[in-house]
Amino acid sequence: RPGRGESDEPRAKARRHKTSAPCSTLTLLVGALVVLLLCPDARADDNHYQNYLVGERAVGFGGAFTAIADDSSAVFYNPAGLTQLQKSSISLSAAIYGFSNQSASLVTTGDGGQRSTLDDNASSTFITYPTTAVWIQKLRDGDKDGSGRMLAAFSLLTPFSKVGRSRSAYETAPQGVNGGGGSYTERGVELQLSEDDTLWIGLSFAWRPLRWLHIGATTFFTMRSGLYQFYDTGIYTVRNNDGDPVLIEGRTTRVAADLKHFGLVGLLGVLVEPLEHLRVGLTFRSPQLSLGSKLEVSVIQAERQDLSQPVDVLQGEVGGDFNDVKPWKASLGLAYARPKHFAVSADISFYGPASSYHVMELDGNADLFPLEHRLLWQLNIGGEYYVLPSLSLRAGFFTNLSSFEAPQTCTDQACRDRLSNPFGDPIDRFGIAGSASYELDRATVTVAFSYNFGSTRRGYNADLDAEGERSLLFLVLGGSFRF
């Protein structure tokens with residue numbers, strides 16, 4: 001948040017910028033976007049790829065579903081597995097609860113070793129867990145052993161949907177004023193509202209050319225839309241050595257960002273059964289191909305530099321591009337499954353390096369906050385056990401590592417600039433999951449949960465640490481009907 005904990009000189013420079021209308025508008029818009037993106041809930045998490053596991057049964061396996069892939073969520077994990085299904089079906093799953101809790105703070109260490117918090121922010125968000133609707137149509141039965149079987153599927157997935165609301169109050173400790181005595185403080189209130197939705201529309205085809213070989217593919221058309229609004233009201237007070245106020249500056253800012261993105265994602269999968277109960281799955285998901293995007297930011301700021309001065313109002317609008325990054329993904333899965341008895345499964349996935357950016361446009365282009373995503377691996381492990389012929393229980397573990405790489409301790413300005421990137425979230429997370437299913441002749445009902453969490457502490461400089469933590473909890477209810 002620009003302006004907190006800074007010296008008086010940078011603030012004086014910011015005030016001098018306002019003497020030039022074109023420059024002030026650009027400065028205000030860029031600064032407002034920085035403020036908007038620094039809010040934990042005000043940006044999409046491009047750094048973590050396993051925040052939300054899709055499919056209620058796959059959730060129970062902790063996402064280790066590449067070599068299982070024997071229900072409708074195969075369209076997302078491994079479309080080759082669709083040929084294991086012997087009937088056409090319709091399946092639906094929806095959230096009954098989704099919750100995100102996160103916090104971030106700057107902590108300084110004094111000469112005596114005492115630690116104090118300069119800036120502390122916490123927020124909670126209701127998140128709609130991935131909702132799925134899949135229609136699977138059998139095209140060909142095949143032979144008695146299943147070879148020659150063909151199926152097609154149409155799917156609607158919401159891998160990400162969030163409605164957020166957060167409110168926080170802040171107050172800086174008294175800071176010395178450069179070039180003279182006295183001190184200044186800043187205090188205020190922030191309110192942030194957000195709505196962000198993603199929809200994937202998929203077409204899948206699967207074929208079983210041999211008894212032990214399954215192949216399949218899915219093409220997804222992706223759509224994302226989001227609206228973020230940020231309100232900030234603050235008071236900046238300068239006091240003399242006697243503690244009397246000599247300058248009181250008030251400021252109110254409203255920032256609204258509207259974004260849209262359209263793209264294509266392809267998924268190829270192979271499932272091999274070399275032995276009766278052993279399965280090996282391989283998949284490759286292409287990077288997202290962007291078909292178009294739009295970003296519009298509007299801002300209005302009202303500021304009074306002194307109680308005796310009139311209110312100064314600045315406002316503007318700016319448009320540009322928004323890049324919703326989805327890197328390539330390659331997964332290898334291994335499973336041992338005895339139908340109606342038990343199954344164990346493990347996946348290792350690799351996500352390719354990628355670059356994300358946001359572009360603002362005003363009398364020319366200005367690149368803001370480029371972010372490099374590193375090559376990353378993730379691990380998913382899960383198991384299933386049938387306690388009754390119609391009742392099965394599952395448990396799983398998964399990693400949710402960050403693709404944003406940041407050193408544990410910064411030793412130069414380039415490192416500090418990287419750590420300050422509002423798009424960068426270096427927190428590595430770990431998750432647990434579970435589910436239970438009750439099966440009837442033509443229907444299955446499943447309840448599931450997923451919880452992942454993590455924390456970090458990074459050294460910004462010798463006496464300033466950046467600390468943060470986040471947790472995500474989901475409860476899901478799903479069902480399928482076979483015909």
Side-chain angles (χ1 to χ4, degrees), residues 1-6 11 14-15 17-18 24-45 100-106 117-127 161-172 184-197 225-237 248-260 294-307 309-320 322 358 360 362 368-369 420 422-423 468 470:
R1 296 179 177 83
R4 293 185 205 171
E6 297 176 347
R11 292 193 61 86
R15 286 197 292 269
H17 277 317
K18 295 176 185 178
S24 65
T25 303
L26 178 59
T27 302
L28 180 61
L29 287 168
V30 174
L33 184 64
V34 173
V35 172
L36 181 69
L37 296 174
L38 278 173
C39 268
D41 278 337
R43 53 179 170 80
D45 188 354
S100 167
N101 186 61
Q102 51 197 345
S103 66
S105 60
L106 292 175
T117 300
L118 294 180
D119 200 358
D120 193 5
N121 301 277
S123 64
S124 300
T125 307
F126 174 80
I127 301 178
S161 181
K162 178 178 71 173
V163 177
R165 179 187 179 95
S166 65
R167 180 184 179 277
S168 62
Y170 61 88
E171 182 172 1
T172 63
Y184 73 84
T185 59
E186 185 178 2
R187 56 190 174 91
V189 177
E190 299 171 344
L191 175 65
Q192 190 256 314
L193 309 173
S194 62
E195 295 182 15
D196 204 329
D197 300 285
S225 63
L227 176 63
Y228 293 91
Q229 300 180 75
F230 175 83
Y231 302 86
D232 182 10
T233 299
I235 297 177
Y236 173 78
T237 305
I248 299 178
E249 177 182 320
R251 181 195 67 252
T252 298
T253 304
R254 175 191 179 273
V255 183
D258 187 5
L259 61 90
K260 292 179 175 61
K294 185 179 181 180
L295 172 64
E296 295 181 346
V297 178
S298 62
V299 60
I300 181 170
Q301 183 179 83
E303 185 173 50
R304 175 174 285 181
Q305 296 188 12
D306 197 334
L307 295 180
Q309 300 295 323
V311 176
D312 184 18
V313 178
L314 291 175
Q315 58 183 333
E317 296 181 354
V318 65
F322 171 74
H358 287 246
M360 298 294 291
L362 186 67
L368 292 182
F369 304 118
S420 301
F423 287 96
R470 188 179 186 189

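These numbers were taken from a predicted model, which means no experiment stands behind them. The chain is numbered in sequence order, starting from 1.
Glu195 pairs by the side chain to side chain donor-acceptor pair (under 3.5 Å) definition with nothing, not counting sequence neighbours.
In plain terms, the two heavy atoms of Asp258 and Gly226 that are nearest each other are OD1-O, 3.1 Å. When all heavy atoms of Ser225 and Asp196 are compared, the closest pair comes out as O-OD1, 3.4 Å.
We find the CD-OG1 distance between Glu190 and Thr253 to be 10.0 Å, quoted to the nearest 0.5 Å. The CZ atom of Arg254 sits 13.5 Å away from the CG atom of Asp232 when rounded to the nearest 0.5 Å. In this structure, CD on Gln301 lies 11.5 Å from CD on Gln315, to the nearest 0.5 angstrom.
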